[in-house]
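The structure appears below as structure tokens.
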Amino acid sequence: MLKKILCSSIASLFVLLCFAGCAPRKQTKMGYITQIDIQSGSFEFDEIEWITEDDTQRMQELHLDPSTDMPNGFYIYNPSDKKTNCIISDDTTFEYFVPSASSPVAAATLEEFAARQQGYIDRFNAAQPDAEQAPACGPLYEIEIANNVVVRIVEKYIP
């Protein structure tokens, strides 16, 4: 009887460990979307680091003074302009911030989202006609990635 219980327990543990290893690995990143290509289902992403007053060790490493560098309680650290190409799936969801609506977040299709982001880039280019390309501009986004595919993009509210 003990042998049967032990075998059953080991088998259950084995199944649990197998399925735990198969679960999609998710991660969240924050940064700027600099270009969206609807045809290829991809976008360029310039990752940043969002530092708050709670990140005291990181503030010390970067020599940040909360009274001058973080007047709104955060600091956007973007040490490089390196961009990563990210893949969008048919199931990717897009959400953007609407400050005057009853719900502050609205859903969008890929086409609506791309048009909205292109609007930010076009406004930058109109204001800076001599710039070679638009830098990281427009809103910040949080992207959720599972198995190397972006499953969710949410515009980050910045006070």
Side-chain angles (χ1 to χ4, degrees), residues 20-159:
C22 296
R25 192 181 76 120
K26 287 190 178 182
Q27 59 182 352
T28 301
K29 296 182 178 187
M30 189 180 298
Y32 297 98
I33 293 176
T34 58
Q35 181 181 3
I36 298 177
D37 185 344
I38 295 174
Q39 282 72 35
S40 70
S42 65
F43 63 90
E44 287 184 355
F45 188 70
D46 183 6
E47 187 174 0
I48 61 100
E49 183 179 354
W50 181 270
I51 302 168
T52 66
E53 292 174 336
D54 295 334
D55 301 322
T56 54
Q57 181 177 350
R58 191 67 176 129
M59 288 171 46
Q60 290 174 353
E61 292 169 359
L62 296 173
H63 307 288
L64 297 176
D65 178 355
S67 62
T68 57
D69 296 319
M70 306 168 87
N72 292 326
F74 65 90
Y75 183 82
I76 297 171
Y77 183 60
N78 190 4
S80 90
D81 59 358
K82 178 184 167 208
K83 295 174 183 66
T84 304
N85 191 48
C86 297
I87 305 299
I88 303 167
S89 80
D90 290 338
D91 298 324
T92 301
T93 60
F94 305 88
E95 300 172 23
Y96 61 91
F97 181 72
V98 184
S100 60
S102 59
S103 173
V105 176
T109 65
L110 170 58
E111 292 76 13
E112 293 167 337
F113 191 83
R116 182 176 170 89
Q117 183 61 25
Q118 189 60 48
Y120 290 116
I121 294 169
D122 291 346
R123 284 191 293 280
F124 173 83
N125 288 335
Q128 304 287 329
D130 296 332
E132 290 182 26
Q133 72 179 54
C137 64
L140 281 175
Y141 294 99
E142 286 184 350
I143 63 171
E144 186 177 307
I145 303 166
N147 296 326
N148 296 322
V149 175
V150 176
V151 296
R152 186 171 180 233
I153 300 174
V154 180
E155 182 177 339
K156 172 84 172 159
Y157 170 69
I158 301 176

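One distance of note links CG of D46 with CG of D81; it measures 7.0 Å at 0.5 Å rounding. Note that the CD atom of E155 and the CZ atom of F94 stand 13.5 Å from one another [nearest 0.5 Å]. Between the CG atom in N147 and the CD1 atom in I87 there is a gap of 13.5 Å [rounded to 0.5 Å]. The distance from the NZ atom of K29 to the CD atom of E142 is 13.5 Å, given to the nearest 0.5 Å. Here the CD1-OG1 distance, from I145 to T92, works out to 10.5 Å after rounding to the nearest 0.5 Å. To the nearest 0.5 Å, atoms CD (E44) and CG (D37) are separated by 9.5 Å.
When side chains are defined from C-beta on, Y32 counts as touching I76, because their heavy atoms get closer than 4.5 Å. I33 is listed as a side-chain neighbour of I153, based on a closest heavy-atom distance under 4.5 Å. E47 places none of its side-chain heavy atoms less than 4.5 Å from the side chain of T84. Residues M59 and D69 are not in side-chain contact: their nearest non-hydrogen atoms beyond the backbone lie 4.5 Å or more apart. The shortest side-chain heavy-atom distance between L110 and I38 falls under the 4.5 Å cut-off. You'll find the side chain of T34 stays beyond 4.5 Å of the side chain of F45, heavy atoms only. I158 has its side chain out of reach of N72: every pair of non-hydrogen atoms, C-beta onward, lies at least 4.5 Å apart. Contact check for Q118 versus I36: no side-chain heavy atoms found under the 4.5 Å cut-off.
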* To do: Apply side-chain contact (heavy atoms from CB on, under 4.5 Å) to the pair Q117 and Y141, showing each step before the final yes or no.
  => CA-CA 11 Å; Q117 183 61 25; Y141 294 99; 2.7 Å; yes
Item to complete: Starting from the C-alpha separation in whole Å, work towards a yes-or-no answer on side-chain contact (heavy atoms from CB on, under 4.5 Å) for K83 and Q35.
Response: CA-CA 10 Å; K83 295 174 183 66; Q35 181 181 3; over 6 Å; no
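Geometrically, R123 engages Y120 in a cation-pi contact defined by less than 6.0 Å to the ring centre and at most 45° from the axis.
Judged as a side-chain contact (heavy atoms from CB on, under 4.5 Å), and not counting sequence neighbours, the contacts of E144 are K26, T28, V151, R152. Legend: residues meeting ring-ring contact (aromatic ring centres under 6.0 Å, His included) with F74, ordered by chain and number and at least two apart, are W50.
Here F43 and F113 keep their ring centres 6.0 angstrom or further from each other.
When all heavy atoms of A108 and Y96 are compared, the closest pair comes out as CB-CE2, 3.6 Å. The two residues V98 and A106 make their nearest non-hydrogen contact at CG2-CB, 3.7 Å. Of all heavy-atom pairs spanning G31 and I48, the tightest one is CA-CG1, 3.7 Å.
Shown here is Q57, whose CD atom has no more than 12 heavy atoms of other residues, nucleotides or ligands within 6.0 Å.
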